[in-house]
Amino acid sequence: MIRLGLCCTFRDQPIEFFTTTTTAIGKMRRPDALAKLSRLCMSNADALLLALPFCADHGIGCFRVNSQILPLKTHPTCGYEVEELPDGDEIVRRFKTCGRFVKKHKLRTCFHPDQFVVLNSQKPAIVDSSIRELEYQAEVAEWIGADVINIHGGGAYGDKQKALADFARNLDRLSSRARKRLTVENDDKIFTPSDLLPICKATGVPLVYDVHHHRCNPDGLSVEQATKKAMATWDREPMFHISSPLDGWDGPKPERHHDFIDVNDFPDCWRRKTIAVEVEAKAKELAVEKLKAELSDCMK
């Protein structure tokens, strides 16, 4: 069974997640800032309580939760603990209600932290902030039953092997709830599946195989080989990514994502597997529903 996933936001549905800026919060007295952040967190919990039933009702099996679901949570000056928020207990209760819905309807939730999360950075401060961000997302993941927090390998810094060793070493700084959810994804510029698979095998971190990235940044593996090897890194339902190039594979920037998925970009070797496939397309829920219908037609 293929479980298609929606990423973070909606195009047409009136379900919206909110954030704020450090500039806005920084101008406020701390009690007023916490009150505003509390309202935003509550609103985002309620939005998730709408997003999940939409997914369940439309055959969308996975939902990626926005990294700013708790806005500015780990910011060095504007950040906060949930316990500091005026409605902290109620916010947690509503997120845990989401978790019960996920479990009852056999959905899947996950996170994909922002690009500033770089576990192998050469700057200790960036590693520290990355770990804080992963720990925050692991806390929310625990509330909502999310089993994946997916990151990229980071930078190569002129020496891929050393960079990957740094990545592996910093895994030891994570709590068990963050570590057990962490996954790593091949990217379109630096780390290929072949680069990451040895680290995945050595550390037990599953590989989220992005077939679009692999086509942009190929190695010696075929899509079929990479799929098989990636699946072997998982101790639960594997998760992959699909997207199509905005201007076609012969365009100037094939790494840019299209609004929709060309069904021909969906690998044949995925079609009868039990996997989750996150649809990274700008048309959001429309793209997922279109791909779902086209895959169904192909398999008749």
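Looking at Asp46 and Ser43, their side chains never bring a donor and an acceptor atom within 3.5 Å of each other. Side-chain contact, Asp219 with His214: a donor N or O sits under 3.5 Å from an acceptor N or O. Under 3.5 Å, the side chains of Asp265 and Ser244 contain a donor-acceptor pair of N or O atoms.
With respect to the salt-bridge test (charged N to carboxylate O, under 4.0 angstrom), the residues Asp166 and Lys162 qualify. Between Arg94 and Glu90 there is a salt bridge, with a side-chain nitrogen of the basic residue lying less than 4.0 Å from a carboxylate oxygen of the acidic one. No salt bridge links Asp259 with Lys284; every basic N to acidic carboxylate O contact stays at or beyond 4.0 Å. Between Arg11 and Glu285 no salt bridge is recorded (no basic side-chain N to carboxylate O distance below 4.0 Å). Lys229 has no carboxylate O lying under 4.0 Å from a charged side-chain N of Glu224, or vice versa, which leaves the two without a salt bridge. With respect to the salt-bridge test (charged N to carboxylate O, under 4.0 angstrom), the residues Lys253 and Asp247 do not qualify.
Taking Thr77 as the reference, His75 meet the side chain to side chain donor-acceptor pair (under 3.5 Å) condition, with sequence neighbours excluded.
In this structure, His112 has its ring center under 6.0 Å from that of His152.
Sorted by first and then second residue, the ring pair (Phe, Tyr, Trp, His ring centres under 6.0 Å) pairs with a member in residues 76-96 read Phe95-Trp143; sequence neighbours excluded.
Contact annotation: the side chain of Ile242 approaches that of Pro267 to within less than 4.5 Å [non-hydrogen atoms, C-beta and beyond].
In this structure, Asp57 contributes its side chain and Phe54 its backbone to no donor-acceptor pair below 3.5 Å.
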